[in-house]
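Below is one structure, written out as structure tokens; the observations come after it.
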Protein chains: 2
Amino acid sequence: MDTTQRTDQQRSADRRRRELLEAADRVVLRDGPQASMNAIAAEAGITKPILYRHFGDKGGLYAALAKRHTDALLDSLRAALDAPADRRERVESTLDTYLAAIEARPQVYRFLMHPAEGGGGADQGFDVGKHSAPLLRRMGEELAQVIEERVDLGPGGQQLARAWGHGIVGMMHAAGDWWLGERPCSRAELVRFLADLLWGRLAAAGDRVGGPGF
Amino acid sequence: MDTTQRTDQQRSADRRRRELLEAADRVVLRDGPQASMNAIAAEAGITKPILYRHFGDKGGLYAALAKRHTDALLDSLRAALDAPADRRERVESTLDTYLAAIEARPQVYRFLMHPAEGGGGADQGFDVGKHSAPLLRRMGEELAQVIEERVDLGPGGQQLARAWGHGIVGMMHAAGDWWLGERPCSRAELVRFLADLLWGRLAAAGDRVGGPGF
DNA sequence: GTGCGATGTTACTAGCGGTAACACGAGTCT
DNA sequence: AGACTCGTGTTACCGCTAGTAACATCGCAC
């Protein structure tokens, strides 16, 4: 039958694709985002043109690679976000989940956040701006949806939820990036700091008196 | 005299350097971060090796270029941050200053945030992670300092201020990036949304009832 | 005039992303 | 059986990049 034939081929191609992605994963995790297509092909035991037949170009490969990790991270975040607990608990647990993820696999994190697409040759027309950090965007949209579903924001709440979604994700990301680089405190402390910020402690704190010069 | 001689030379070299930076600026703003050294040299009316004598490598040129814009942006932010007004007003004016800046010159913004260093050839040893988005880091540290100086955070306030500095900057950045791409609302609205978020409106809002399915 | 240092050039290397052209093995049709 | 197609794989190449070496040239002190 024609269908079974096509299915067989497709299955085989999918398996191959997964193998290639795993090889690419190993190389990217070892060499960083500037891993070359040659190196990836060598790691997979094949040569370049096969990679190009499967993924089109380097951007396609990287997008597929990023999608895997992004999906995995988003799954764990969703679990924390949807837990049956009160809001503060959910916020803290989501922050902690994210920080634990980037702490456990900083290389993956670096790859997702700094794809460093600018290759060498023909990808001149690549629009860096539009493609930048899709993980952040996806997390922002996801969070926005959860906020809109579960928090009563009154009229105009949809735009507000989206702004907050992206804003909170950015806060988490930047603070996490700084924390991962300097490790100035424990993970739990940072979680508390950020949750406190979101809980309005900045507005509630008093002005400092006797400060330097003002 | 030896000193005057050296000073003359140095002055001339500095002037040349500035001219080169301005040419690089034009090209980067036109072609995006993946502008080639050849194109920059051509725009400056010279050839590549001179660029390399002045800036070492592409990273050096880009760092010098980024420093200029970063310094300029930080100056305007400092002005908003240090204004003699109450805290909410200062926060809003700082957010607005930042958003106005990225709105006015999105190309500059793209360049600063997505340097896309991965060139082609020999910069394999480049550590992307360490060099990533220095503007965000500098803004974060700057804001942390202001927070620590002007807000009474009690014991352990220094770490808290730094976490908040980086977190707030990240919030501003991610929300601004999203806003710049989609323009879902006016600048003033976004400023109010984010300030509301920092003012604890997330904690104060009620749970939504009768939402979809939960 | 003569050396010397800065400024500039041309011509090159090595490596990148990406592609065209060719080679082989398995299944299908006649 | 033998020709035909099709997916998989290769080698060899293109145009481009960042970066460098070697050579030319100008201005200036001595």
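So you know, we letter chains A, B, ... as the sequences are listed, proteins then strands, and number each from 1.
- Below the 3.5 angstrom threshold, one finds a donor paired with an acceptor across the side chain of A:K48 and the base of C:dG18.
- The side chain of B:R17 contributes no N or O atom lying less than 4.0 Å from OP1 or OP2 of C:dT7.
- Side-chain N/O atoms of A:R53 include none lying less than 4.0 angstrom from OP1 or OP2 on D:dT10.
- Distance CD1 (A:I50) to P (D:dC6): 19 Å, rounded to an integer number of Å.
- Sequence order on DNA chain C of the closest nucleotides to B:H54 and A:N38 puts B:H54 first from the 5' end.
- Side-chain atoms of A:W179 come within 3.5 Å of backbone atoms of A:C185 as a donor-acceptor pair (strictly under, hydrogens ignored).
- In this structure, CE of B:M37 is placed 15 Å from C1' of D:dC16, rounded to the nearest angstrom.
- Regarding B:I46, its CD1 atom lies at a distance of 17 Å from the P atom of C:dA6, rounded to whole Å.
- If you check C:dG17, D:dA18, D:dT20 against the side chain of B:S36, the one that comes closest is D:dA18.
- When the nucleotides C:dG18, D:dG19, C:dT10 are ranked by their closest atom to the side chain of A:Y52, C:dG18 comes out on top.
- As rounded to whole Å, 14 Å separates atom C1' of C:dT7 from atom CZ of B:R15.
- You'll find that the side chain of B:P49 is closest to C:dT9, out of D:dA18, C:dC16, C:dT9.
- Counting to the nearest Å, the P atom of C:dT7 and the CD atom of B:E19 are 12 Å from each other.
- Look at B:R68 and B:E22 and you find a salt bridge, because one of the NZ, NE, NH1 or NH2 atoms lies within 4.0 Å of a carboxylate O, short of that distance.
- Following rounding to the nearest Å, B:L51 (CG) and D:dT17 (C1') show an atom-to-atom distance of 14 Å.
- Between B:K58 atom NZ and D:dT20 atom C1' there is a gap of 17 Å when expressed in whole angstrom units.
- Between B:R30 and B:D25, no side-chain nitrogen of the basic residue sits less than 4.0 Å from a carboxylate oxygen of the acidic one, so the salt-bridge criterion is not met.
- Between the CD1 atom of B:I40 and the P atom of D:dT17 there is a distance of 11 Å, rounded to whole Å.
- The minimum heavy-atom distance between A:L180 and A:P106, with the atom names listed, is CD2-CB, 4.1 Å.
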Check the pair B:R87 / B:E92 against salt bridge (charged side-chain N to carboxylate O under 4.0 Å, His left out), numbers first and verdict last.
CA-CA 9 Å; B:R87 197 179 301 159; B:E92 291 198 359; over 6 Å; no
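- Within the 4.0 Å cut-off from OP1 or OP2 of C:dG8, not a single side-chain nitrogen or oxygen of B:T47 is found.
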